[in-house]
Amino acid sequence: MKTWRSASFVACAAVLLALTTACGQDSPEQAATGQNVGAVAPAGGGAGASPGAGTAAGGDGYGSGDAAATSGRARAAGRLAVWDSKELGRVVTDSAGLTLYRFDKDTAKPPRSDCAGECAVAWPPVPADGATAPTGVDAGLLGEVVRADGVRQLTLDGWPMYRYVKDGRAGDAKGQGVGAVWFAAAPDGKKAAPAGGGSDAAGRPGLSTRVDPKLGEIVVDKDGMTVYRFTKDSAWPMRTACIGECLEKWPVVAPVDKAQTKGIKLKGYVTFGRPDGIDQQTIDCWPLYTFAADKVPGDTKGQGVGGTWFAVKPDGKPVKL
């Protein structure tokens, strides 16, 4: 009997220890004009492409290629097509099956392209002339924008369309996610995303990673915004030192289900019930934030602020250069 009681006590203690020490959390305490493209007979022939093996790419959002490689990408789009990608969902292509992309730094209302110079070499604008809508897609979504260089660029629901110089064949989607600002276009002009799967409009999980040229691999949220941690917080016990006005500059990262993450270490991946009643996601038990001054994906303006705020590595550790 004594042996049974000892074993029972040890088992209960182990369970209690696991529950209370997961994170050591205390009890909750270019001027441009846009217009619709008129009905124009399709240029070139061909139907939509069958999908190939598209791959996501990192980098700075430009890429490389010589003039010979890019000149072919300036041809008319012809009759657009739509193919179903297992990874990306419904993707718009030109008549040759090459993926069309949109750029987060552009605007749709009004249509405006922010990709010029070297950017336009790596991401050739798709000419509007001769483009016609894919079967089943509202032709009214197609339009054009007059770029600063005089080129009339095809738009889809206001978003300027591009090809990517590194896509060499029908079904390639090597431009997807480049620089966290380039994304394959869906038939409605939005960012292509698979049906369901918990990803956002950009096709990203709730939390994932990207490779920053200076900081290396860092965590980003569903919008591609850099995620940070605060050295004045603590993981054991799990506490926050960012309250009140601090949260206006450093909004918390809301809880994200484990199944909707990619590339994140799940050790200490728990929800922190803050004393102010806000639920906050953590990695390795460290509370996570974004920075209000980061305006577009790829910004890292919060890195090193005050010597206490740092971008987060996939394992939850801070990036300190």
Backbone of S113 reached by a side-chain donor or acceptor of R147 within 3.5 Å | no

Taking atom CG of D284 and atom CH2 of W236, what is their separation to the nearest 0.5 Å?
-> 12.0 Å

Where is the tightest heavy-atom contact between A170 and L98, given as atom of each residue plus distance?
-> N-CD2, 4.3 Å

Residues P275 and T240: closest non-hydrogen pair is CD-CG2, 4.3 Å

Report yes if the side chains of E144 and Q153 come closer than 4.5 Å at any heavy-atom pair, otherwise no.
-> no

Is there a side-chain contact between V227 and L207 (heavy atoms, below 4.5 Å)?
-> yes

How long is the span from the CG atom in D157 to the CG atom in D138, to the nearest 0.5 Å?
-> 9.0 Å

Joint cluster assignment, V82 & M161, ILVMFWY side-chain distance < 4.5 Å = yes

What one should report as the nearest heavy-atom pair of G143 and A128 is O-CB, 4.3 Å

With sequence neighbours excluded, what pairs up with F310 under the ring pair (Phe, Tyr, Trp, His ring centres under 6.0 Å) test?
-> none

Do any N or O atoms from the side chain of Q280 and from the backbone of F272 form a donor-acceptor pair under 3.5 angstrom?
-> no

Is any side-chain heavy atom of R274 less than 4.5 Å from a side-chain heavy atom of I243?
-> yes

What closest approach, in Å, do P160 and V145 show between heavy atoms, and which atom pair accounts for it?
-> CG-CG1, 4.2 Å

Do L288 and V256 share a hydrophobic cluster (ILVMFWY, side-chain heavy atoms under 4.5 Å, transitive)?
-> yes

Can you tell me which residue pairs pass the disulfide (SG to SG under 2.5 Å) test with a partner in residues 213-245, sequence neighbours excluded?
-> C242-C246

Hey, does T93 have a side-chain heavy atom less than 4.5 Å from the side chain of L80?
-> no

Would you say V312 and W286 make side-chain contact, with heavy atoms under 4.5 Å?
-> no

Any idea which heavy atoms bring R75 and A96 closest together, and the distance?
-> NH2-CB, 3.7 Å

Pair K191 + D104: basic N to acidic O under 4.0 Å = yes

Are the side chain of D233 and the backbone of A241 linked by a donor-acceptor contact shorter than 3.5 Å?
-> yes

Sub-3.5 Å donor-acceptor pair from the side chain of D167 to the main-chain atoms of K174, do we have one?
-> yes

Heavy-atom side-chain contact between R112 and D106 under 4.5 Å | no

Answer whether the closest heavy-atom distance between the side chains of L100 and R163 falls below 4.5 Å.
-> yes

Measure centre to centre between the rings of Y101 and W123, then say whether the value is under 6.0 Å.
-> yes

Measure up the W182 and Y162 rings against each other and bin them: parallel (under 30°), tilted (30 to 60°), perpendicular (over 60°).
-> perpendicular

I218 reachable from I283 in the ILVMFWY side-chain graph, under 4.5 Å edges | no

Indicate, with yes or no, if V219 and L215 share a hydrophobic cluster defined by side-chain heavy-atom contacts under 4.5 Å among Ile, Leu, Val, Met, Phe, Trp and Tyr.
-> no

Calculate, to the nearest 0.5 Å, the distance between atoms CD and CH2 belonging to E245 and W250 respectively.
-> 15.5 Å

Please confirm whether the backbone N or O of G268 pairs with a side-chain atom of T282, one donor and one acceptor, at under 3.5 Å?
-> yes

Heavy atoms, side chains only, cut-off 4.5 Å: are T290 and V253 in contact?
-> yes

Under 3.5 Å, side-chain donor or acceptor atoms of residues 296-305 against the rest of the protein: list the pairs with distances, not counting sequence neighbours.
residue	atom	partner	partner atom	Å
D299	OD2	K295	N	2.9
D299	OD2	V296	N	3.2
Q303	OE1	A311	N	2.7
Q303	NE2	V319	O	2.7

Taking T99 for its side chain and D172 for its backbone only, find out whether a donor-acceptor pair lies under 3.5 Å.
-> yes

Should D315 and K313 count as an ion pair when the cut-off is N to O under 4.0 Å?
-> no

Stepwise ring-ring contact (aromatic ring centres under 6.0 Å, His included) check, W309 with F291 | CA-CA 10 Å; W309 291 93; F291 187 38; 7.8 Å; no

For atom CG of L266, is the number of surrounding heavy atoms from other residues, nucleotides or ligands below 6.0 Å larger than 12?
-> yes

F230 and I278: same hydrophobic cluster, using ILVMFWY side-chain contacts below 4.5 Å?
-> yes

For A77 and D94, which heavy atoms make the closest approach, and how far apart are they?
-> O-CB, 3.6 Å

Expected output: side-chain Y289 to main-chain L247 donor-acceptor under 3.5 Å = no

Approximate separation, where rounding is to 0.5 Å, of R210 CZ and M225 CE = 9.5 Å

